[in-house]
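For reference, the structure discussed in these notes is given below.
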Amino acid sequence: MRRTLGSLALAPALALALAVPLAGQVSATTTTARAGVTWHQTRVGSDQELRGLDAINGRTAWVSGDAGGVWLTTDRGHHWKDVAPPHSSKLLFRDVEATDARHALVLAVGTKTASRIYRTTDGGRTWTKTFVNHNKQAFYDCMAMWPGGRVGLAMSDPVNGKFRVIRTTNGGRSWTVVPRGGMPKAVNGEFGFAASGTCLVTAGHARAWMASGGAASRVFRTTNRGRTWHVADSTIPASAAGGTFGLSFRTPSQGLAVGGDFTHPKDGTDASASTGNGGRSWLNGGDLGGYRSGVDWVRGSSRMWIAVGTSGSDVSENGGLSWTTFGKGYDSVQCVHGGVCWSSGSHGRVGRLVR
């Protein structure tokens, strides 16, 4: 429950009946913030919670859901194509990483063999299962690829006292466990949150960061593609259901972290943090409108950031020093060139924000 963010506030679809449009239909609403940003909302044609999101550009994006769903749009979200792997309805697809409309990886989370990775090279017409977890202690939360989509990592909760990381060097065709000697020890009861696919992110060609919560709220960093890691405390408070949930880096030095406690979705006190030195240290950021699981910076602006969580969305116009709450809540957010940001959340909802 603590890892999958089960029924509680993060899965209202399990408790509420909601009619949704048929696949390909659009149900649009708009909300505008003081900064002039607007969510234009559509639905994929399912009531699944969509925590996995990877936007390629302003036209093309992938999303993945909590009941094995995967959808692809190539027309700005006006229509969504169901491209899920066969027999996947019992899988929790919490992360998707794509390079274009044909090539994508999806990560299913869970205990034992429920954690697995699928790969497609033909836009979801066919899928290959390229990784299945067989370690009883492992529980994979997130994955991230470096530019080009050949090299990437996926992170698991600690195994024998250290976070486990697997790596691919061939675009996700195969994965190997990274030797644990370069990983600092985890605090007993520390783990990652499979909430938005952004507890692990990359920047440049060798840097990556991963976030933790539970008994400790920390950010781990590597500058050599995961061979060795260092760790720093986050200023976001740790708790049994809280800590640092999502990360984003505008440059290899400048990044933001968001989080909170998902059992208190409207409490955003101390729920953001910032770094200007590549994650070696973190400073307390502005309070958010509530718990937030995802954050990203708006391309074309060095100061504007968007954060999302189940209780609402926030925009910052000053690099995360202060935030204005606007619009509906989502689980994940990703911004692309042209000032466009995509978001995904409960009841099959996808938002598209245009400045």
Side-chain angles (χ1 to χ4, degrees), residues 1-15 46-54 62-71 84-97 104-120 127-144 152-168 172 174-178 186 189-200 210-214 240-241 243 245-246 262-263 293-294 310 331-332 344-346 348:
M1 181 71 73
R2 64 174 175 80
R3 299 180 181 124
T4 58
L5 309 185
S7 56
L8 298 180
L10 293 188
L14 298 179
S46 168
D47 64 357
Q48 291 185 43
E49 186 130 13
L50 307 177
R51 297 186 185 276
L53 166 67
D54 199 359
W62 297 73
V63 293
S64 62
D66 270 359
V70 180
W71 290 268
H87 314 299
S88 62
S89 62
K90 295 183 179 181
L91 297 176
L92 303 173
F93 284 141
R94 294 291 179 89
D95 199 355
V96 55
E97 297 288 323
L105 303 167
V106 289
L107 170 70
V109 308
T111 58
K112 301 179 182 179
T113 58
S115 281
R116 55 182 67 182
I117 296 172
Y118 291 82
R119 179 176 185 264
T120 183
W127 293 86
T128 302
K129 191 189 310 177
T130 62
F131 171 77
V132 179
N133 170 56
H134 294 285
N135 188 288
K136 294 181 179 180
Q137 296 182 48
F139 185 111
Y140 285 83
D141 300 295
C142 308
M143 63 179 173
L153 306 174
M155 65 166 281
S156 162
D157 288 344
V159 173
N160 295 325
K162 291 186 176 183
F163 280 91
R164 170 168 286 202
V165 174
I166 58 174
R167 179 168 52 219
T168 181
S174 61
W175 298 81
T176 57
V177 176
V178 177
E190 183 181 17
F191 50 83
F193 290 105
S196 66
T198 58
C199 59
L200 172 66
M210 61 184 193
S212 72
F245 278 71
F262 74 80
T263 62
S293 52
T310 53
D331 295 303
S332 306
S344 61
S346 62

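For reference, positions follow the sequence shown, starting with 1.
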Reported CE-to-CG distance for the pair Met143 and Leu105, which is rounded to 0.5 angstrom: 5.0 Å

Contacts of type side chain to side chain contact (heavy atoms under 4.5 Å, CB included), residue Ala144, not counting sequence neighbours: Leu200, Thr202

Under 3.5 Å: donor-acceptor pair, side chain of Arg94, backbone of Val109: no

From CG (Leu153) to SG (Cys142), nearest 0.5 Å: 11.5 Å

Matching residue for Arg51 among Asp331, Thr198, Asp95 - test: side chain to side chain donor-acceptor pair (under 3.5 Å): Asp331

Parallel, tilted or perpendicular: ring planes of Phe193 versus Phe245, cut at 30 and 60 degrees: parallel

Exercise: identify the closest heavy-atom pair between Gly68 and Pro85: O-CD, 4.4 Å

Least distance between heavy atoms, Ile117 atom then Ala154 atom: CD1-CB, 4.5 Å

Check: Thr130 side chain, Ser174 main-chain N or O, donor-acceptor pair, under 3.5 Å: no

Nearest non-hydrogen partners of Phe191 and Ala240, listed with the distance: CZ-O, 3.7 Å

For the student: nearest non-hydrogen atoms of Ser332 and Ala195, plus distance: OG-O, 4.4 Å

OG on Ser212 to CG on Asp157, rounded to 0.5 Å: 10.0 Å

Spatial distance of atom CG (Asp141) from atom CE (Met155) [nearest 0.5 Å]: 4.5 Å

pair Val70-Tyr118: side-chain heavy atoms closer than 4.5 Å: no

Minimum-distance pair of heavy atoms, taken over all atoms of Phe139 and Thr111: CD1-N, 3.8 Å

Worked check of side chain to side chain contact (heavy atoms under 4.5 Å, CB included) between Trp71 and Leu50: CA-CA 10 Å; Trp71 290 268; Leu50 307 177; 3.6 Å; yes

Polar side-chain atom of Asn133 near backbone of Lys112 as donor-acceptor pair, under 3.5 Å: yes

Between CG on residue Leu53 and OG on residue Ser344, distance to nearest 0.5 Å: 4.5 Å

Heavy-atom pair of closest approach, residues Gly69 and Ala84: CA-CB, 4.1 Å

All side-chain hydrogen bond (donor to acceptor under 3.5 Å, both in side chains) counterparts of Thr120, not counting sequence neighbours: Asp122

Under 3.5 Å: donor-acceptor pair, side chain of Ser196, backbone of Ser293: yes

Side chains of Thr113 and His134 in contact at under 4.5 Å (non-hydrogen atoms): yes

Test item: Cys199 and Met210 side chains (from C-beta on) under 4.5 Å apart, heavy atoms: no

Approximate separation, where rounding is to 0.5 Å, of Arg119 CZ and Trp175 CH2: 10.5 Å

Backbone N/O of Gln48 and side chain of Asp66: donor-acceptor pair under 3.5 Å: no

Which residues share a side chain to side chain contact (heavy atoms under 4.5 Å, CB included) with Ser156, sequence neighbours left out: Ala138, Tyr140, Val159, Arg164

